[in-house]
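Below is one structure, written out as structure tokens, with a few remarks after it.
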Amino acid sequence: MKRLCFILLGMVATCCFGISTASSQNLTDESVEKLAAPLIENQIVNGMSIGYIAGDHYGTVHLGHCNQAKDKPSNLTLYEIGSVSKVFTSLLLARAVVQGKIDLAAAAATNNAAGIRLPARDGRSITWLDLSTHRSGLPRLPTNLPLTDLTDPYAKYNSGKAAEFFDQYKLPRAPGETQEYSNLAVSVLGYLIAEKADMSYQRLLREAIADPLKMTDCTVSLTSDQVKRHATPHSAFNTEASLWTFADLPGAGGIHATLRDMMRFARAQLTPPAGPLGEAIELAWKQHTAADASGSAMGLGWMIAGDGQTRWHNGQTGGFHAALFINRDLRSAIIILCNTGTDEVDKLAMQLLLKGAGHEPKLEPANKPVEGKNPPGVDAELRARLVGRYQLKPDFIFDVRDRDGHLMVGITNQATQEVYPDSPSRWSYRGVDATLEFKLTKTGPAKSLILHQNGIQQTAKRIDN
């Protein structure tokens with residue numbers, strides 16, 4: 001997902017150079033719908049809400065269906081925004097800096113209920129800035145994240161388990177050296193900021209960002225009314241998934257929001273309000289680390305494109321994808337909230353950003369997935385060899401089935417999810433860093449499968465023929 005964005009954002013540096021303002025004539029409801037409609041028509045996504053700002057002109061477009069009743073989404077439909085939450089967590093950090101409560105260059109340490117103490121290496125501590133810019137040296141995910149429910153993978157991982165992980169984890173290099181994208185780092189960042197403020201992340205989010213910007217549905221915990229207005233998640237077109245929940249570590253991906261909320265957030269990034277929140281927005285917007293071989297330049301939480309102007313972040317959970325792109329020079333913003341987990345949303349966001357800049361994007365159109373686009377050797381005969389039951393533990397059995405050309409995997413007492421081919425023998429989940437490697441001989445069914453997750457390999461043996 002990140003690689004896709006970096007390739008496309010390379011176009012921004014070329015196409016947007018020298019353009020000072022976006023034209024309201026380039027982006028209209030009609031032009032946005034024309035570019036977005038193929039994702040619906042080609043059965044790639046179930047539904048999505050798109051917001052755009054082009055100078056003084058703005059609009060919202062809603063396509064497809066948001067729930068089982070086939071209702072069209074609206075400005076008040078809620079979506080999971082996934083890793084776009086990281087931008088909010090880093091804005092909370094910036095606010096604490098503006099208030100004089102945190103020094104970005106200081107070690108990220110504060111008294112906390114879980115007793116989390118971050119590791120150090122070669123005399124170098126992990127700073128608040130390191131956590132926000134993915135230069136902490138911490139891994140993407142902790143190795144003690146329990147594989148209990150792939151449909152809701154973070155539900156039981158709390159600050160106590162994080163503290164246990166840090167007590168035994170040794171950094172592979174000194175903090176600050178290189179960029180390595182880390183959900184763990186930003187989850188802990190959000191927790192420590194909230195602990196320092198002596199309140200929950202949910203309350204801090206509301207008081208510091210959501211309420212001042214009138215983002216009335218921007219939340220971690222859902223009310224009964226918000227549950228009714230929430231879009232139904234899908235791991236792929238027409239394949240329902242589950243909402244994700246978080247224990248007390250929601251900072252990396254636990255926020256829900258509506259398009260109305262995100263439009264208000266985007267406007268605040270383009271024209272920050274007066275006062276401490278505006279100062280915090282400016283601090284987060286500022287470039288804090290330079291691009292190098294390990295990653296892009298970054299603000300606080302923001303990825304910075306090669307043009308030096310476009311700030312962006314995307315996010316994906318088990319059933320949603322979100323994209324947020326903002327360029328102050330162009331006075332332009334693109335927001336897409338989608339209730340299907342697919343990175344085609346990022347391509348669309350870039351198409352819209354380029355069109356707003358006055359360039360007709362020449363990107364490959366989104367096409368309906370077809371059997372021929374799978375890796376060579378992935379066909380009905382191959383899938384039949386993978387079908388079966390594989391036992392990891394007596395109470396943990398993978399049930400692999402071929403459902404109309406889709407490889408579906410159920411786990412004991414869990415919902416069934418689709419996996420997607422990386423090769424004939426390796427199949428990955430979407431929205432969860434987990435891969436199944438089937439052990440195949442020249443002929444006949446697979447003898448076992450290996451679960452790859454969090455750097456750990458576990459073998460499940462076939463228990464039927």
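Remark: side-chain polar atoms of S74 are paired, donor with acceptor, to backbone N or O of L76 under 3.5 angstrom. Here the side chain of S90 pairs no donor or acceptor atom with the backbone of L93 at under 3.5 angstrom.
Residues forming a ring pair (Phe, Tyr, Trp, His ring centres under 6.0 Å) with Y79 (at least two apart in sequence, or on another chain): none. Residues that satisfy the salt bridge (charged side-chain N to carboxylate O under 4.0 Å, His left out) test with E279, not counting sequence neighbours, are absent from this structure. Under the rule for a ring pair (Phe, Tyr, Trp, His ring centres under 6.0 Å), the partners of F265 that lie at least two apart in sequence or sit in another chain are F88.
In this structure the side chain of L243 reaches within 4.5 angstrom of the side chain of E80, judged on heavy atoms. With contacts defined as side-chain heavy-atom distances shorter than 4.5 Å, the pair L300/L129 qualifies. You'll find the side chain of V409 reaches within 4.5 Å of the side chain of Y429, heavy atoms only. A heavy-atom distance below 4.5 Å is found between the side chains of N327 and D307.
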Next item on the list: List the steps and the verdict of side chain to side chain donor-acceptor pair (under 3.5 Å) for Q202 and T219.
Entry: CA-CA 7 Å; Q202 163 82 356; T219 186; 2.9 Å; yes
Margin query: Using side-chain contact (heavy atoms from CB on, under 4.5 Å), reason through L449 and W427 one step at a time and then give a plain yes or no.
Written below: CA-CA 10 Å; L449 67 79; W427 296 67; over 6 Å; no
Next item on the list: Report the C-alpha distance between H230 and F320 in whole Å, list the side-chain angles of each, state the deciding distance to 0.1 Å, and finish with yes or no for ring-ring contact (aromatic ring centres under 6.0 Å, His included).
Entry: CA-CA 11 Å; H230 208 291; F320 295 89; 5.5 Å; yes
Margin query: What verdict does the side-chain contact (heavy atoms from CB on, under 4.5 Å) test give for I304 and T310, after you've listed the backbone C-alpha separation in whole Å, the side-chain angles of each residue and the deciding distance to 0.1 Å?
Written below: CA-CA 6 Å; I304 302 178; T310 303; over 6 Å; no
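Among all heavy-atom pairs drawn from M263 and I335, the shortest one is SD-CD1, 3.6 Å.
The aromatic rings of W302 and W285 lie perpendicular to each other, with more than 60° between the two planes, well past the 30° mark.
Checked options S187, S200, S159; the residue passing with D248 is S159 (criterion: side chain to side chain donor-acceptor pair (under 3.5 Å)).
Applying the 6.0 Å contact sphere to OH of Y58 captures no more than 12 heavy atoms from other residues, nucleotides or ligands. The 12-atom threshold is exceeded at CZ of R267, counting heavy atoms of other residues, nucleotides or ligands nearer than 6.0 Å.
In the model, D152 has no side-chain atom that pairs as donor or acceptor with a side-chain atom of S242 under 3.5 Å.
Applying the salt bridge (Lys or Arg N to Asp or Glu O under 4.0 Å) definition to pairs two or more places apart or across chains, those involving residues 282-291 are E282-R328. Among residues at least two apart or in separate chains, side chain to side chain donor-acceptor pair (under 3.5 Å) pairs with a member in residues 60-73 are S49-H62, T60-N75, H62-N75, N67-D71, Q68-E240. Judged as a salt bridge (Lys or Arg N to Asp or Glu O under 4.0 Å), the pairs with a partner in residues 208-230 (not counting sequence neighbours) are, in order, R206-D211, D217-R229, D225-R229.
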